[in-house]
Amino acid sequence: MGYKTTGFALSFLRLHIFLLSYFTPFYIITLMSDLEQVHTNQSLSEVEGKYPATQSHPPQAIYAAPTIANPGPLGLSSFALTTFVLSLHNAGAGVSPAGPNNIVVGLAFFYGGLVQLLAGMWEFRTGNTFGATAFSSYGGFWLSYALVFIPGANILGSYSGAGVDPHALSQSLGIYLLSWAIFTGILLIASHRSSVGLVSLFFFLFITFILLAAGEFNNSISSKVAGGAFGIITALIAWYNALSGLLTRDSSYFLLPTGRLA
């Protein structure tokens, strides 16, 4: 009886050792996995506590900016044509330089004035401050010049009344033209880093205004004719710059150089 009890105990002990040796690795692996999972959950909780989730927003649509054409050639063309017509009259090209030049009034109102003013407004849209200032200002110049010849404005009539100095109109026109010469000189300085074509344009326009102002101050037909000749050159340069802006790499087989200075 004692021998059987001892053998049973030994068998039970061997079975217990076998079970421990067999299941212990799995138990240890399971325990380590549970510990690692608990550590991961704690780490995630700490991260979420430090950086709380923000409310997500749906993606916003991206719209491409509309393409804006270059308004420069339009502004230069309107300036050039109106200047060309008036300068031919001032230079006495087929007409008397002292004769009427009211044919330019329509051009000055609509092409040199309104169209050039609109080109200046679009230059603001493209971010070109210089072009916007130049085109808008000379558009205003042509509109104001045309208004002088409109009878309803009574500008010329106010200089023909009794007791008015007969030279008052010429002196006033001289001041008017000299003021525009000063403004053109400002633009000439501001354009010194643009291009040779643009600098040449404002240089000849500056000389044109000076000669026309001198012609009014001195009642000199020769100065007016010289101003007309320089005005014709100015118009041709403006047309050249306009054509240079129209001939792009996408629309032309050749380009016109303007002599970039910057």
Side-chain angles (χ1 to χ4, degrees), residues 64-91 93-94 104 107-108 110-142 145 177 180-213 225-262:
T67 302
I68 300 176
N70 179 15
L74 175 62
L76 288 167
S77 297
S78 59
F79 173 82
L81 194 148
T82 313
T83 302
F84 186 75
V85 172
L86 179 60
S87 296
L88 285 176
H89 283 77
N90 289 336
V104 79
L107 281 173
F110 294 101
Y111 197 43
L114 179 60
V115 171
Q116 190 173 186
L117 179 62
L118 292 175
M121 294 298 103
W122 278 109
E123 286 284 12
F124 276 116
R125 182 65 180 82
T126 62
N128 184 1
T129 304
F130 180 86
T133 303
F135 289 144
S136 301
S137 298
Y138 288 118
F141 162 76
W142 284 116
Y145 181 82
L177 294 169
W180 282 102
I182 295 172
F183 174 74
T184 304
I186 293 173
L187 293 182
L188 174 60
I189 296 172
S191 67
H192 70 281
R193 289 192 61 188
S194 55
S195 66
V196 175
L198 206 57
V199 171
S200 301
L201 170 63
F202 286 106
F203 173 76
F204 279 95
L205 182 59
F206 176 76
I207 300 299
T208 299
F209 276 124
I210 291 294
L211 290 173
L212 292 177
V225 171
F230 273 88
I232 293 172
I233 298 174
T234 301
L236 294 176
I237 295 174
W239 264 323
Y240 179 90
N241 282 281
L243 180 58
S244 177
L246 290 172
L247 300 178
T248 64
R249 297 185 184 277
D250 296 329
S251 63
S252 174
Y253 291 108
F254 65 95
L255 304 176
L256 289 181
T258 57
R260 299 298 301 178
L261 297 175

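What you see is a predicted model; the values in this text were computed from it and never measured.
- Atom CG of Leu201 is separated from atom OG1 of Thr258 by 12.0 Å, given to the nearest 0.5 angstrom.
- In this structure, Thr208 contributes its side chain and Gly231 its backbone to a donor-acceptor pair below 3.5 Å.
- No more than 12 heavy atoms of other residues, nucleotides or ligands lie within 6.0 Å of CZ in Phe110, so this atom counts as exposed by the packing criterion.
- Taking the side chain to side chain contact (heavy atoms under 4.5 Å, CB included) definition, one finds that Leu88 meets it with Phe84, Ala93, Ile232, sequence neighbours left out.
- The environment of CZ in Phe141 is crowded: more than 12 heavy-atom neighbours from other residues, nucleotides or ligands sit within 6.0 Å.
- Minimum heavy-atom separation, Ile210 to Ala181: CD1-CB, 3.8 Å.
- Distance check: Leu177 CG to Leu211 CG gives 11.0 Å after rounding to the nearest 0.5 Å.
- Across all their heavy atoms, Asn90 and Gly228 have their closest contact at CB-CA, 3.8 Å.
- When every heavy atom of Leu247 is checked against every heavy atom of Leu255, the shortest pair comes out as O-CD2, 3.0 Å.
- Taking OG1 from Thr82 and CG from Leu107, the interatomic distance works out to 5.0 Å, rounded to the nearest 0.5 Å.
- Across all their heavy atoms, Ser194 and Val199 have their closest contact at OG-CG2, 4.1 Å.
- Residues Thr248 and Gly245 share a closest heavy-atom pair of CG2-O, 3.6 Å.
- Using a 4.5 Å cut-off on side-chain heavy atoms (C-beta onward), Trp142 and Leu86 make contact.
- Of the possible polar contacts, none joining the Ser252 side chain to the Arg249 backbone as a donor-acceptor pair under 3.5 Å is found.
- Here Leu118 contributes atom CG and Trp122 contributes atom CH2; the two are 9.5 Å apart, rounded to the nearest 0.5 Å.
- Separation of atoms OG (Ser200) and CG (Leu236) is listed at 12.5 Å; rounding is to 0.5 Å.
- Nearest heavy atom pair, residue Ala69 against residue Pro71, reads O-CD, 3.1 Å.
- In terms of the side chain to side chain contact (heavy atoms under 4.5 Å, CB included) criterion, residue partners of Thr184 (sequence neighbours excluded) are, by chain and number, Tyr138, Phe202, Leu205, Phe206, Phe209.
- No donor-acceptor distance shorter than 3.5 angstrom exists from the side chain of Ser77 to the backbone of Leu74, with no hydrogens or angles considered.
- His192 contributes a side-chain N or O that, together with a main-chain N or O of Ile189, makes up a donor-acceptor pair within less than 3.5 Å.
- The backbone N or O of Leu256 sits less than 3.5 Å from a side-chain atom of Ser244, completing a donor-acceptor pair.
- In this structure, CG on Asn128 lies 8.0 Å from CZ on Phe135, to the nearest 0.5 angstrom.
- Phe203 CZ: 12 or fewer foreign heavy atoms inside a 6.0 Å radius.
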